[in-house]
Amino acid sequence: MNFKHLRYFWTVAKAGGVMRASEQLHTTPQTLSGQIKQLEAWLGHDLFRKRGRGLELTSEGRVALGYAEQIFALGNDLENSIRLSRGQEKPLEFRVGVADSIAKSVAYHLLEPALGMPQQVHMTCHEGKFPELIAQLSLHKLDLVLADEPVSKKIGVKAFNHPLGTSGMSFLCAPALRSHLQGNFPQCLHGAPMLIQGPMSSVRQQLDHWFNKHQLQPRIVGEFDDSALMNAFGREGRGIFTSPTVLDDETTAQFGVEVIGRSTELVEEFFAISVERRITHPCVVAITRAAKADLFAR
(Lines give C-alpha, C1' and ligand atoms only; values in the text may rest on other atoms or scores of the structure.)
Protein backbone atom coordinates (compact mmCIF):
# COMPACT_ATOMS: atom_id res chain seq x y z
CA MET A 1 0.00 0.00 0.00
CA ASN A 2 1.13 3.55 -0.77
CA PHE A 3 0.73 5.29 2.58
CA LYS A 4 0.94 8.67 0.90
CA HIS A 5 -2.33 7.83 -0.86
CA LEU A 6 -3.78 6.72 2.47
CA ARG A 7 -2.73 10.03 4.06
CA TYR A 8 -4.48 11.93 1.24
CA PHE A 9 -7.65 9.88 1.74
CA TRP A 10 -7.54 10.43 5.50
CA THR A 11 -7.12 14.20 5.07
CA VAL A 12 -10.05 14.44 2.61
CA ALA A 13 -12.26 12.42 4.96
CA LYS A 14 -11.35 14.63 7.95
CA ALA A 15 -11.61 17.88 5.99
CA GLY A 16 -14.95 16.97 4.47
CA GLY A 17 -14.00 17.64 0.85
CA VAL A 18 -11.26 17.70 -1.76
CA MET A 19 -10.98 21.50 -2.01
CA ARG A 20 -10.40 22.04 1.70
CA ALA A 21 -8.02 19.09 1.90
CA SER A 22 -5.98 20.33 -1.06
CA GLU A 23 -5.47 23.65 0.75
CA GLN A 24 -4.23 21.85 3.84
CA LEU A 25 -1.88 19.64 1.83
CA HIS A 26 -0.73 22.45 -0.49
CA THR A 27 -1.56 20.49 -3.61
CA THR A 28 -4.12 20.75 -6.42
CA PRO A 29 -7.57 19.15 -6.18
CA GLN A 30 -6.81 17.24 -9.40
CA THR A 31 -3.66 15.69 -7.92
CA LEU A 32 -5.50 14.79 -4.73
CA SER A 33 -8.40 13.17 -6.59
CA GLY A 34 -5.98 11.21 -8.74
CA GLN A 35 -4.10 9.85 -5.73
CA ILE A 36 -7.34 8.74 -4.05
CA LYS A 37 -8.47 7.04 -7.29
CA GLN A 38 -5.25 5.02 -7.23
CA LEU A 39 -5.95 3.98 -3.62
CA GLU A 40 -9.50 2.97 -4.53
CA ALA A 41 -8.20 0.94 -7.48
CA TRP A 42 -5.70 -0.82 -5.22
CA LEU A 43 -8.39 -1.64 -2.63
CA GLY A 44 -10.99 -2.55 -5.23
CA HIS A 45 -13.71 -0.33 -3.72
CA ASP A 46 -14.92 3.24 -3.92
CA LEU A 47 -14.19 5.09 -0.69
CA PHE A 48 -16.32 8.17 -1.38
CA ARG A 49 -19.62 8.89 -3.09
CA LYS A 50 -21.00 12.25 -4.14
CA ARG A 51 -23.67 13.78 -1.95
CA GLY A 52 -24.92 17.13 -3.22
CA ARG A 53 -21.86 19.31 -3.68
CA GLY A 54 -19.80 17.33 -1.24
CA LEU A 55 -18.54 13.82 -0.60
CA GLU A 56 -19.52 11.17 1.90
CA LEU A 57 -17.78 7.97 2.87
CA THR A 58 -19.02 4.64 1.58
CA SER A 59 -19.24 1.70 3.98
CA GLU A 60 -15.79 0.59 2.77
CA GLY A 61 -14.58 4.17 3.22
CA ARG A 62 -15.67 4.17 6.85
CA VAL A 63 -13.74 0.94 7.44
CA ALA A 64 -10.67 2.39 5.72
CA LEU A 65 -10.92 5.57 7.79
CA GLY A 66 -10.95 3.56 11.02
CA TYR A 67 -7.76 1.76 10.03
CA ALA A 68 -6.14 4.98 8.84
CA GLU A 69 -6.85 6.59 12.22
CA GLN A 70 -5.10 3.71 14.00
CA ILE A 71 -2.16 3.68 11.58
CA PHE A 72 -1.40 7.38 11.91
CA ALA A 73 -1.98 7.35 15.67
CA LEU A 74 0.61 4.57 15.97
CA GLY A 75 2.95 6.58 13.77
CA ASN A 76 2.64 9.54 16.14
CA ASP A 77 3.27 7.25 19.11
CA LEU A 78 6.38 5.89 17.42
CA GLU A 79 7.71 9.37 16.77
CA ASN A 80 6.97 10.59 20.29
CA SER A 81 8.53 7.48 21.83
CA ILE A 82 11.79 7.44 19.91
CA ARG A 83 12.43 10.86 18.46
CA LEU A 84 13.94 13.20 21.06
CA SER A 85 15.22 16.71 20.93
CA ARG A 86 19.01 17.08 21.04
CA GLY A 87 20.21 16.70 24.60
CA GLN A 88 16.82 15.48 25.84
CA GLU A 89 16.85 12.43 28.11
CA LYS A 90 14.57 9.56 27.15
CA PRO A 91 12.07 8.97 29.97
CA LEU A 92 12.02 5.59 31.67
CA GLU A 93 8.94 3.67 30.52
CA PHE A 94 6.94 2.08 33.32
CA ARG A 95 3.81 0.08 32.47
CA VAL A 96 1.80 -1.03 35.47
CA GLY A 97 -1.48 -2.86 35.90
CA VAL A 98 -3.63 -2.23 38.96
CA ALA A 99 -6.22 -4.81 39.99
CA ASP A 100 -9.62 -3.13 40.21
CA SER A 101 -10.14 -4.63 43.68
CA ILE A 102 -7.43 -2.35 45.13
CA ALA A 103 -8.64 0.92 46.64
CA LYS A 104 -7.65 3.89 44.51
CA SER A 105 -6.01 5.61 47.47
CA VAL A 106 -3.83 2.57 48.17
CA ALA A 107 -2.86 2.36 44.50
CA TYR A 108 -1.87 6.03 44.52
CA HIS A 109 0.31 5.68 47.61
CA LEU A 110 1.98 2.60 46.17
CA LEU A 111 2.68 4.15 42.76
CA GLU A 112 3.60 7.70 43.83
CA PRO A 113 7.26 6.85 44.66
CA ALA A 114 7.83 5.88 41.00
CA LEU A 115 7.17 9.48 39.95
CA GLY A 116 9.32 10.85 42.76
CA MET A 117 12.52 9.41 41.35
CA PRO A 118 15.30 11.72 40.08
CA GLN A 119 15.03 10.10 36.66
CA GLN A 120 12.20 11.22 34.37
CA VAL A 121 9.51 8.52 34.22
CA HIS A 122 6.65 7.94 31.80
CA MET A 123 4.14 5.82 33.70
CA THR A 124 1.20 4.11 32.00
CA CYS A 125 -1.46 2.67 34.31
CA HIS A 126 -4.01 0.04 33.32
CA GLU A 127 -6.83 -1.02 35.63
CA GLY A 128 -8.54 -4.36 35.16
CA LYS A 129 -9.38 -7.79 36.43
CA PHE A 130 -6.54 -9.67 38.06
CA PRO A 131 -6.39 -12.61 35.58
CA GLU A 132 -6.40 -10.26 32.59
CA LEU A 133 -3.54 -8.20 34.02
CA ILE A 134 -1.48 -11.31 34.75
CA ALA A 135 -1.98 -12.39 31.13
CA GLN A 136 -0.68 -9.00 29.95
CA LEU A 137 2.28 -9.34 32.32
CA SER A 138 3.15 -12.75 30.89
CA LEU A 139 3.26 -11.21 27.41
CA HIS A 140 5.64 -8.51 28.70
CA LYS A 141 3.07 -5.80 27.98
CA LEU A 142 3.28 -4.76 31.65
CA ASP A 143 6.29 -4.31 33.91
CA LEU A 144 4.33 -4.79 37.13
CA VAL A 145 0.92 -5.76 38.48
CA LEU A 146 -0.34 -4.44 41.83
CA ALA A 147 -2.88 -6.76 43.43
CA ASP A 148 -4.41 -7.77 46.74
CA GLU A 149 -3.76 -11.45 46.09
CA PRO A 150 -0.69 -13.41 45.01
CA VAL A 151 -0.42 -15.06 41.63
CA SER A 152 -0.99 -18.79 41.94
CA LYS A 153 1.35 -21.39 40.49
CA LYS A 154 -1.77 -23.10 39.12
CA ILE A 155 -2.18 -20.29 36.59
CA GLY A 156 0.84 -21.52 34.67
CA VAL A 157 2.38 -18.08 34.28
CA LYS A 158 6.00 -17.55 35.28
CA ALA A 159 5.63 -14.60 37.63
CA PHE A 160 6.91 -13.77 41.10
CA ASN A 161 5.08 -12.32 44.10
CA HIS A 162 6.81 -9.53 46.00
CA PRO A 163 4.87 -8.84 49.25
CA LEU A 164 4.44 -5.13 49.93
CA GLY A 165 2.61 -5.23 53.23
CA THR A 166 -0.66 -5.96 55.00
CA SER A 167 -3.38 -3.95 56.65
CA GLY A 168 -6.27 -4.70 58.95
CA MET A 169 -9.74 -3.49 57.98
CA SER A 170 -11.76 -0.62 59.39
CA PHE A 171 -15.55 -0.25 59.34
CA LEU A 172 -16.74 3.27 58.57
CA CYS A 173 -19.98 5.14 58.01
CA ALA A 174 -21.44 8.62 57.80
CA PRO A 175 -22.19 10.35 61.15
CA ALA A 176 -25.94 10.38 60.47
CA LEU A 177 -25.98 6.61 60.03
CA ARG A 178 -23.82 5.97 63.06
CA SER A 179 -26.37 7.68 65.31
CA HIS A 180 -28.89 4.98 64.37
CA LEU A 181 -26.63 2.01 65.07
CA GLN A 182 -27.51 -0.12 68.10
CA GLY A 183 -24.87 -1.44 70.52
CA ASN A 184 -21.11 -1.63 70.42
CA PHE A 185 -18.91 -2.86 67.60
CA PRO A 186 -19.18 -5.43 66.08
CA GLN A 187 -22.73 -6.17 67.33
CA CYS A 188 -23.88 -2.85 65.89
CA LEU A 189 -23.41 -4.32 62.40
CA HIS A 190 -26.22 -6.84 62.91
CA GLY A 191 -29.17 -5.74 60.78
CA ALA A 192 -27.38 -2.52 59.73
CA PRO A 193 -27.12 -1.48 56.06
CA MET A 194 -23.81 -2.70 54.62
CA LEU A 195 -21.85 -1.92 51.46
CA ILE A 196 -19.43 -4.70 50.59
CA GLN A 197 -16.98 -5.79 47.92
CA GLY A 198 -18.02 -8.04 45.04
CA PRO A 199 -18.01 -11.83 45.43
CA MET A 200 -14.66 -12.28 43.61
CA SER A 201 -12.78 -10.03 46.02
CA SER A 202 -10.42 -11.67 48.51
CA VAL A 203 -11.71 -9.27 51.19
CA ARG A 204 -15.31 -10.30 50.50
CA GLN A 205 -14.51 -13.93 51.21
CA GLN A 206 -12.94 -12.96 54.53
CA LEU A 207 -15.94 -10.77 55.38
CA ASP A 208 -18.44 -13.56 54.79
CA HIS A 209 -16.46 -15.86 57.10
CA TRP A 210 -16.03 -13.10 59.70
CA PHE A 211 -19.78 -12.34 59.77
CA ASN A 212 -20.56 -16.03 60.28
CA LYS A 213 -17.95 -16.36 63.02
CA HIS A 214 -19.43 -13.44 64.99
CA GLN A 215 -23.04 -14.45 64.16
CA LEU A 216 -23.71 -11.17 62.39
CA GLN A 217 -26.24 -10.65 59.63
CA PRO A 218 -25.92 -7.13 58.23
CA ARG A 219 -28.42 -6.00 55.62
CA ILE A 220 -26.44 -5.98 52.37
CA VAL A 221 -27.65 -3.02 50.31
CA GLY A 222 -24.87 -2.92 47.72
CA GLU A 223 -22.01 -4.97 46.29
CA PHE A 224 -19.20 -3.21 44.42
CA ASP A 225 -16.19 -4.20 42.35
CA ASP A 226 -15.06 -0.56 42.42
CA SER A 227 -14.01 0.53 45.91
CA ALA A 228 -14.22 4.21 44.95
CA LEU A 229 -17.90 3.82 44.10
CA MET A 230 -18.53 1.93 47.34
CA ASN A 231 -16.87 4.75 49.30
CA ALA A 232 -19.02 7.32 47.50
CA PHE A 233 -22.21 5.53 48.59
CA GLY A 234 -20.80 5.25 52.09
CA ARG A 235 -20.12 8.98 52.20
CA GLU A 236 -23.80 9.63 51.46
CA GLY A 237 -24.88 7.46 54.40
CA ARG A 238 -26.19 4.55 52.32
CA GLY A 239 -24.38 1.97 54.40
CA ILE A 240 -21.36 0.91 56.44
CA PHE A 241 -18.29 0.10 54.36
CA THR A 242 -14.78 -1.22 54.92
CA SER A 243 -11.42 0.27 54.05
CA PRO A 244 -7.78 -0.64 54.84
CA THR A 245 -6.88 0.65 58.29
CA VAL A 246 -3.68 2.25 56.97
CA LEU A 247 -5.94 4.75 55.17
CA ASP A 248 -8.12 5.71 58.16
CA ASP A 249 -6.94 9.32 58.42
CA GLU A 250 -7.22 9.88 54.69
CA THR A 251 -10.61 8.17 54.30
CA THR A 252 -12.26 9.97 57.21
CA ALA A 253 -10.96 13.35 56.01
CA GLN A 254 -11.86 12.80 52.36
CA PHE A 255 -15.35 11.37 52.82
CA GLY A 256 -16.43 12.92 56.11
CA VAL A 257 -17.09 9.52 57.69
CA GLU A 258 -16.21 7.99 61.06
CA VAL A 259 -14.49 4.77 62.07
CA ILE A 260 -16.94 2.65 64.07
CA GLY A 261 -14.57 -0.29 64.59
CA ARG A 262 -11.53 -2.16 63.36
CA SER A 263 -10.60 -5.80 62.95
CA THR A 264 -7.17 -7.37 62.71
CA GLU A 265 -8.83 -10.68 61.80
CA LEU A 266 -9.65 -9.17 58.42
CA VAL A 267 -6.39 -8.63 56.60
CA GLU A 268 -5.84 -7.20 53.15
CA GLU A 269 -2.52 -8.13 51.60
CA PHE A 270 -0.83 -6.23 48.79
CA PHE A 271 1.61 -7.64 46.26
CA ALA A 272 3.82 -6.38 43.49
CA ILE A 273 3.88 -9.08 40.82
CA SER A 274 6.56 -9.14 38.13
CA VAL A 275 8.28 -11.56 35.79
CA GLU A 276 11.52 -10.82 37.64
CA ARG A 277 12.55 -12.98 40.58
CA ARG A 278 15.02 -10.29 41.58
CA ILE A 279 13.58 -6.82 41.09
CA THR A 280 15.67 -4.66 38.78
CA HIS A 281 13.27 -2.10 37.29
CA PRO A 282 14.02 1.20 39.13
CA CYS A 283 10.32 2.06 39.50
CA VAL A 284 9.48 -1.31 41.02
CA VAL A 285 12.44 -0.97 43.40
CA ALA A 286 11.17 2.46 44.52
CA ILE A 287 7.63 1.15 45.01
CA THR A 288 8.60 -1.87 47.09
CA ARG A 289 11.01 0.08 49.29
CA ALA A 290 8.51 2.89 50.00
CA ALA A 291 5.67 0.47 50.73
CA LYS A 292 7.65 -1.42 53.36
CA ALA A 293 9.35 1.62 54.88
CA ASP A 294 6.39 4.02 54.91
CA LEU A 295 2.83 3.01 53.96
CA PHE A 296 2.68 -0.35 55.75
CA ALA A 297 5.10 0.59 58.50
CA ARG A 298 2.50 2.89 60.10
Side-chain angles (χ1 to χ4, degrees), residues 74 77-84 88-169 197-198 200-206 225-228 244-247 267-298:
L74 284 172
D77 289 345
L78 172 63
E79 184 175 5
N80 293 334
S81 177
I82 296 179
R83 186 178 179 182
L84 298 172
Q88 183 180 354
E89 179 186 2
K90 188 179 187 301
L92 176 63
E93 294 291 334
F94 179 45
R95 304 160 301 170
V96 58
V98 180
D100 56 11
S101 54
I102 291 185
K104 300 297 186 295
S105 296
V106 173
Y108 165 76
H109 285 294
L110 289 174
L111 292 174
E112 195 276 335
L115 296 182
M117 296 168 49
Q119 183 177 359
Q120 185 180 359
V121 174
H122 178 208
M123 182 169 65
T124 306
C125 293
H126 302 276
E127 185 181 20
K129 300 296 182 184
F130 181 63
E132 298 169 0
L133 296 176
I134 294 300
Q136 295 296 307
L137 181 72
S138 68
L139 296 173
H140 299 278
K141 293 184 178 181
L142 295 173
D143 300 306
L144 179 72
V145 170
L146 294 179
D148 57 356
E149 61 180 295
V151 64
S152 171
K153 294 181 179 179
K154 297 180 181 179
I155 295 180
V157 173
K158 187 177 181 181
F160 299 93
N161 300 307
H162 306 285
L164 297 176
T166 63
S167 173
M169 300 299 293
Q197 293 81 356
M200 300 305 294
S201 167
S202 60
V203 173
R204 169 63 182 277
Q205 298 169 31
Q206 292 186 61
D225 290 331
D226 188 337
S227 61
T245 299
V246 294
L247 297 178
V267 177
E268 188 165 10
E269 299 179 275
F270 299 93
F271 296 88
I273 303 171
S274 72
V275 294
E276 301 176 315
R277 181 188 298 273
R278 179 177 178 273
I279 297 174
T280 59
H281 195 294
C283 292
V284 182
V285 171
I287 286 172
T288 54
R289 285 179 178 174
K292 295 175 181 179
D294 182 21
L295 181 61
F296 296 110
R298 299 174 186 176

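Here the structure is a predicted model, which means the values were calculated and not measured.
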Sequence neighbours excluded, every pair satisfying side chain to side chain donor-acceptor pair (under 3.5 Å) that has a member inside residues 130-141: none
Within the structure provided, determine whether L110 and F296 are in side-chain contact (heavy-atom separation under 4.5 Å). yes
Straight-line distance of R277 CZ to H162 NE2, nearest 0.5 Å: 9.5 Å
Evaluate the side-chain proximity of M117 to C283: yes if any heavy-atom separation is below 4.5 Å, no if none is. yes
Mark yes or no for whether R204, through its side chain, and Q197, through its backbone, hold a donor-acceptor pair below 3.5 Å. yes
Over all atoms of both residues, closest heavy-atom pair of P244 and V106: CG-CG2, 4.1 Å
Side chain to side chain contact (heavy atoms under 4.5 Å, CB included), that's the test. Do E127 and K104 meet it? Break it down for me. CA-CA 10 Å; E127 185 181 20; K104 300 297 186 295; 3.0 Å; yes
Determine the minimum heavy-atom distance between L133 and G97, stating which atoms define it. CD1-C, 3.9 Å
Are side-chain heavy atoms of D100 and K129 found at a separation under 4.5 Å? yes
Does any part of the side chain of E268, heavy atoms only, come nearer than 4.5 Å to the side chain of T245, both counted from C-beta? no
Show, in sequence, the C-alpha distance, side-chain angles and deciding distance for F130 and V151, and conclude whether the side chain to side chain contact (heavy atoms under 4.5 Å, CB included) test is met. CA-CA 9 Å; F130 181 63; V151 64; 4.3 Å; yes
Are R289 and P113 side-chain neighbours, meaning at least one heavy-atom pair lies under 4.5 Å? no
Atom OG in S105, atom CG in L247: separation rounded to 0.5 Å? 5.5 Å
Hey, could you give me each pair passing ring pair (Phe, Tyr, Trp, His ring centres under 6.0 Å) that has a residue in residues 273-295? Not counting sequence neighbours. F94-H281
Evaluate the side-chain proximity of V96 to D143: yes if any heavy-atom separation is below 4.5 Å, no if none is. no
To the nearest 0.5 angstrom, please state how far the CD atom of E112 sits from the CD1 atom of I287. 10.0 Å
Inter-residue atom distance T288.OG1 - I279.CD1, 0.5 Å rounding: 4.5 Å
Check: V246 main-chain N/O paired with S167 side-chain donor or acceptor under 3.5 Å: yes
How many angstroms lie between atom CG of L144 and atom CG of L111, to the nearest 0.5 angstrom? 8.0 Å
Looking at every non-hydrogen atom in both residues, tell me the closest pair between Q119 and L92 and how far apart they are. NE2-CB, 3.5 Å
Non-hydrogen atoms of I273 and A147 that approach each other most closely: CD1-CB, 4.2 Å
Between A159 and L137, which heavy-atom pair has the shortest distance, and what is it? CB-CD2, 4.2 Å
Quick check for you: to the nearest 0.5 Å, what is the distance between H122 atom NE2 and L115 atom CG? 10.0 Å
Could you tell me which non-hydrogen atom of F271 sits nearest to which non-hydrogen atom of D148, and how far apart they are? CD1-C, 4.3 Å
